[in-house]
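Step one of this worksheet: look at the structure below.
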Number of protein chains: 2
Amino acid sequence: MDRFLILLDGPWATLIVRELLHGPRRFTQLREALSGISAHTLTNRLRKFEQHGLVTRTAYAETPPKVIYELTPLGTSLRNVLNAMNDWGVAVPDTAVMLAAPAETLANPLR
Amino acid sequence: MDRFLILLDGPWATLIVRELLHGPRRFTQLREALSGISAHTLTNRLRKFEQHGLVTRTAYAETPPKVIYELTPLGTSLRNVLNAMNDWGVAVPDTAVMLAAPAETLANPLR
DNA sequence: CAGAATCCTGGTTGATACTG
DNA sequence: CAGTATCAACCAGGATTCTG
């Protein structure tokens, strides 16, 4: 599991893999799907994944150029973990996280 | 799932929750279990968890003082996700991750 | 024992401008 | 289209020192 934490470092890393679980994607497709991510960040994450064997990068020498990113079997094996995260996020009501702080603090005399 | 990524930010966050899944722990117990973590980091993560309702903090006014951290039901509900991570780490052979990098890295000095 | 206070580093991320 | 280059900000994390 330590390995998981190293490979999927940062908030975007996980989201990128999740997107690629839907199938091969082009660079621009990923940028659009992950609204808010910068080209800089997306490139860095993809390079890291590539180095660790999670994704493959295929470039086509056309004009305009086309690059396809695809999960390797290793990358695809992350599906279960990503699903578990998703299930948790769906199952937990918003109020549970949002309204948690104040009451706890008051119930605790020492602090 | 986005919420998961925000709450369990950084490598230590996940490891701390995993340790608390084994039961309530004292501050020092956590430090020993998570060899290498600084008091600074441990305190910060625990405070964040407390604010978001993942753990409860109970302080006993003794000498020496004693503080117990315990997962709330919300925190315990993370068990499935943590298990999924663990399963992945165990299932993936070391070689799959280790041998994917070196050639790429040397040929491609990104920085 | 369980922190708090302070200073500092490294890595992720963004913004912008530019290229094959 | 798919990046690269550069500058800069934020935050997790570490090291150290010091309390109640």
Side-chain angles (χ1 to χ4, degrees), chain A residues 2 4-17 19-20 24-52 54-70 105 108-111, chain B residues 2 4-20 24-52 54-70 101 104-105 107-111:
Chain A
D2 307 19
F4 179 91
L5 297 176
I6 293 171
L7 291 181
L8 279 77
D9 211 7
W12 285 118
T14 310
L15 297 176
I16 294 172
V17 173
E19 191 57 33
L20 287 174
R25 289 288 188 275
R26 302 181 55 168
F27 188 83
T28 303
Q29 280 183 306
L30 288 174
R31 286 204 68 180
E32 289 170 356
L34 307 165
S35 65
I37 194 172
S38 64
H40 180 226
T41 300
L42 181 55
T43 301
N44 281 355
R45 296 299 87 201
L46 288 172
R47 289 282 180 281
K48 189 171 182 178
F49 293 157
E50 199 186 349
Q51 289 173 15
H52 289 87
L54 263 59
V55 307
T56 57
R57 188 186 109 105
T58 310
Y60 298 88
E62 307 171 354
T63 46
K66 185 170 69 171
V67 179
I68 300 291
Y69 291 94
E70 188 171 5
T105 310
N108 220 356
L110 300 177
R111 219 209 135 177
Chain B
D2 306 19
F4 179 90
L5 298 176
I6 294 172
L7 291 181
L8 279 77
D9 211 8
W12 285 118
T14 309
L15 297 175
I16 294 171
V17 173
R18 182 180 65 173
E19 192 56 34
L20 287 174
R25 289 288 187 276
R26 302 183 53 169
F27 188 83
T28 303
Q29 278 183 307
L30 289 174
R31 287 204 67 180
E32 289 171 355
L34 307 165
S35 66
I37 195 172
S38 64
H40 179 229
T41 299
L42 182 54
T43 300
N44 282 352
R45 297 298 89 201
L46 288 172
R47 289 282 180 280
K48 189 171 182 178
F49 293 157
E50 198 186 350
Q51 289 173 15
H52 290 85
L54 262 61
V55 307
T56 57
R57 178 183 183 271
T58 310
Y60 298 88
E62 307 171 352
T63 47
K66 187 171 67 172
V67 178
I68 301 290
Y69 291 93
E70 188 171 5
E104 300 280 31
T105 309
N108 197 13
L110 46 83
R111 259 196 85 95

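Every chain is numbered from 1, with letters handed out A, B, ... down the list of sequences.
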* Structure fact -> From CZ of B:R47 across to P of D:dC11 the rounded distance in Å is 19 Å

* C:dG3 phosphate, OP1 or OP2: any side-chain N/O from B:R57 under 4.0 angstrom? -> yes

* **B:R57 side, atom CZ; B:Q51 side, atom CD - distance, nearest 0.5 Å** => 12.0 Å

* Does the side chain of A:F4 reach to within under 4.5 Å of the side chain of B:T14, using non-hydrogen atoms? -> no

* Asked: Think B:R26 has a side-chain N or O under 4.0 angstrom from the OP1 or OP2 of C:dA2?
  -> yes

* Identify the two heavy atoms, one from B:P24 and one from B:Q29, that lie closest to each other, and give their separation to 0.1 Å. => O-OE1, 4.3 Å

* **Nearest heavy atoms of B:E19 and B:L30, plus distance in Å** => CG-CD2, 3.7 Å

* Give the minimum heavy-atom separation between B:R45 and B:D9, together with the two atoms involved. => NH1-O, 3.8 Å

Give every pair of a protein N or O atom and an N or O atom of nucleotides 18-20 of chain D that lie under 3.5 Å apart, one pair per line with the distance.
none

* Asked: Roughly how far, to the nearest 0.5 Å, is the OG1 atom of A:T58 from the NZ atom of A:K66?
  -> 10.5 Å

* To do: Could you tell me whether the side chain of B:E50 reaches within less than 4.5 Å of the side chain of B:L46, counting heavy atoms only?
  => no

* Asked: Taking atom P of C:dT12 as reference, at what distance in whole Å does atom CG of A:L15 sit?
  -> 15 Å

* Taking C-beta and beyond as the side chain, do A:F27 and A:T43 meet within less than 4.5 Å on heavy atoms? -> yes

* Structure fact -> From CD1 of A:I6 across to P of C:dG11 the rounded distance in Å is 13 Å

Which atoms of nucleotides 12-14 of chain D (N or O only) lie under 3.5 Å from a protein N or O atom, and what are those distances?
from, atom 1, to, atom 2, distance (Å)
D:dG13, OP1, B:P11, N, 2.9
D:dG13, OP1, B:W12, N, 3.0
D:dG13, O3', B:W12, NE1, 3.3
D:dG14, OP1, B:W12, NE1, 3.3
D:dG14, OP1, B:G36, O, 3.3
D:dG14, OP2, B:W12, NE1, 3.4
D:dG14, OP2, B:S38, N, 3.4
D:dG14, OP2, B:S38, OG, 3.4
D:dG14, OP2, B:T41, OG1, 3.1
D:dG14, N7, B:H40, ND1, 3.1
D:dG14, O6, B:H40, ND1, 3.2

* **Interatomic spacing from NE2 in A:H52 to CG in A:L54 - rounded to 0.5 Å** => 8.5 Å

* Between P of C:dC1 and NZ of B:K66, the distance in whole Å -> 13 Å

* Asked: B:Y69 near the nucleic acid: base, sugar-phosphate alone, or nothing, with a heavy-atom cut-off under 4.0 Å?
  -> sugar-phosphate

* Choose from D:dA2, C:dG3, C:dC1 the nucleotide whose nearest atom is closest to any side-chain atom of B:T43. => C:dG3

* Asked: Rounded to the nearest Å, what distance is computed from the CD atom of residue A:E62 to the P atom of nucleotide D:dG3?
  -> 13 Å

* For the helix from C:dC1-D:dG20 to C:dG20-D:dC1, how many degrees between its two end axes (five pairs per end), to the nearest 10°? -> 50°

* Asked: Roughly how far, to the nearest 0.5 Å, is the CD1 atom of B:I37 from the CG atom of B:L15?
  -> 8.0 Å

* Starting at atom CZ of B:R31, determine the distance to atom P of C:dA4, rounded to an integer number of angstrom. => 13 Å

* Structure fact -> In terms of heavy-atom contacts, A:T41 and A:W12 come closest through CG2-CD1, 3.8 Å

* How long is the span from the CZ atom in B:R25 to the CD1 atom in B:I68, to the nearest 0.5 Å? -> 9.5 Å

* Over how many whole Å does the gap from A:I68 atom CD1 to D:dC1 atom C1' extend? -> 11 Å

* Rounded distance in Å - CG (B:L5) to P (D:dC11) -> 17 Å

